[in-house]
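Everything below concerns the one structure shown next.
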Amino acid sequence: MVHSIGLPAESKDGERRVALDPSAVASAVGQGYEVWVQRGAGVRAGFNDEDYQLVGAKIVPDASDAWSADLVVKVKEPQPSEWGFFRKGLVLFCYLHLAAEPKLTRALVDAGVEAYAFETLSYPEGLPLLAPMSEVAGRTAAIVGAHYLAAGSGTLLGGAAGVLPARVVVVGLGVAGTMAARGARGMDAEVVGVDVNLHRLYQAHQEGIVTATLASSENAIGEAVRSADLLIGAALVPGAKAPKLVTKEHIASMRPGSVVVDIAIDQGGCIETARPTSHSDPIYEELGVIHYCVTNIPGQYPRTSSRALSAAVAPRLLDLARDRSSERLRGALNVSGGKIVYDAVAQALGSQF
Ligand SMILES: NC(=O)c1ccc[n+]([C@@H]2O[C@H](COP(=O)([O-])OP(=O)(O)OC[C@H]3O[C@@H](n4cnc5c(N)ncnc54)[C@H](O)[C@@H]3O)[C@@H](O)[C@H]2O)c1
């Protein structure tokens, strides 16, 4: 039985979001739950302790107090400094991305945590707890890509009279990819969308979100990437490690100073040369190409992101507190009773477990 819900402050580098805004906390309190908010948890997203107190939350001084609740809800996967709070029967609800996190998975399995992931919850359809953050990450990818192109090849996305616009290639036209394409189109770039889903390509073209489309294959991606100024990776197979669609050779063929943004890096990345970076050290150069691979991109727009995430999470949080077998939590459970129970994660981590 869940009586208390803990809301710890985020501890990942540059992470300024909070999982619940005061209105979501008000709903939980209204349903009879105690909500323990770690002091300052919402401050970087624009929500003060008093805002939470006013709706009935209890402000607790330390992370350990928030983590001692029956159910803990947070944004990012727990960092190693938080693994000591794991215990048998703790119900955890947050982004986990376990296919790319074998050590975290081991810690959850060994401690007997009941771990529910935002990113694999599939009720009523799609991935509704991933979508709001994919939306933000996609829009941001276009902004940071355009920004680093200035320092790199010196190319302006929209071009100028007598000068061709830049070419942006987006691999994976789901929620994040579509928003990235829209952002780049909004800056008047030429945008090529790549996906395995031909219907999605048709739709995006009809809607003017991309200027051209390409069915996904290694050859086709190689050709498109060679002439790209900005490459955005956003392909996802739910729960699984991201498919490596862009090879090192493809990246080596790009013009020096071009830019890569791999949004899918939280699932391991869909670009071979991508490795995770952080807000405090967001880029590196490899093969003459600037790589931006921050694993928590929406953390840089904490107010918008926290509100969007909280609105999506709050109803499912109440379902989880009330009845863990609810159909409305379909697909969310990743680790239970000391085992991985989500197929794609089990396959990705395989023999290690
Ligand atoms: N870095 C961050 O901060 C951040 C934030 C939010 C989301 N994400 C990540 O962004 C990624 C995309 O999320 P989404 O919500 O847009 O997913 P989505 O399911 O909406 O879209 C994924 C798209 O990838 C396509 N795809 C799958 N296999 C492909 C292939 N072989 N070739 C081309 N396309 C392929 C699918 O058809 C789909 O259109 C995920 O890995 C997600 O975790 C990262």
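As the structure lists them, so they are numbered: ligands from 1, and atoms in each ligand from 1.
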Sequence neighbours excluded - side-chain hydrogen bond (donor to acceptor under 3.5 Å, both in side chains) pairs with any residue from residues 314-331: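 Listed once each, the pairs are Gln31-Arg322, Glu114-Arg324, Tyr116-Arg324, Arg316-Asp319, Asp319-Arg322, Asp319-Arg328, Asp323-Ser325, Glu327-Arg330.
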
Using a 4.5 Å cut-off between side-chain heavy atoms of Ile, Leu, Val, Met, Phe, Trp and Tyr, which other residues end up in the same hydrophobic cluster as Leu156?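 Other cluster members: none.
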
Pairing donors with acceptors under 3.5 angstrom, does anything connect the side chains of Ser278 and Lys12?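 No, Lys12 and Ser278 have no side-chain donor paired with an acceptor closer than 3.5 Å.
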
Distances only, to 0.1 Å: what are the N or O pairs between ligand 1 and the protein that fall under 3.5 Å?
unit_1, atom_1, unit_2, atom_2, d
ligand 1, 1 (N), Ile263, O, 3.0
ligand 1, 1 (N), Val294, O, 3.1
ligand 1, 3 (O), Thr295, O, 3.2
ligand 1, 3 (O), Ile297, N, 2.7
ligand 1, 8 (N), Asp266, OD2, 3.3
ligand 1, 15 (O), Ser134, OG, 2.7
ligand 1, 16 (O), Val175, N, 3.2
ligand 1, 16 (O), Ala176, N, 2.8
ligand 1, 20 (O), Val175, N, 3.0
ligand 1, 24 (O), Leu236, N, 3.2
ligand 1, 32 (N), Ser216, OG, 2.7
ligand 1, 37 (O), Asp195, OD1, 2.6
ligand 1, 39 (O), Gly174, N, 3.4
ligand 1, 39 (O), Asp195, OD2, 2.7
ligand 1, 41 (O), Asp266, OD1, 3.4
ligand 1, 43 (O), Asp266, OD1, 3.0
ligand 1, 43 (O), Asp266, OD2, 2.8

Would you sort out whether Leu230 and Val261 count as a side-chain contact (heavy atoms from CB on, under 4.5 Å), showing the intermediate values? CA-CA 8 Å; Leu230 170 60; Val261 178; 4.1 Å; yes

Donor-acceptor pair, Ser258 side chain versus Met254 backbone, under 3.5 Å?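 Not at all, since once roles are kept as given, no pair shorter than 3.5 Å links the two residues.
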
Side-chain donor-acceptor contacts of residues 164-178 below 3.5 Å, not counting sequence neighbours, with atom names and distances?
unit_1, atom_1, unit_2, atom_2, d
Arg167, NE, Glu190, OE2, 3.1
Arg167, NH1, Ser227, OG, 3.1
Arg167, NH2, Glu190, OE2, 2.8
Thr178, OG1, Leu173, O, 3.3
Thr178, OG1, Gly174, O, 2.6
Thr178, OG1, Arg200, NH2, 2.8

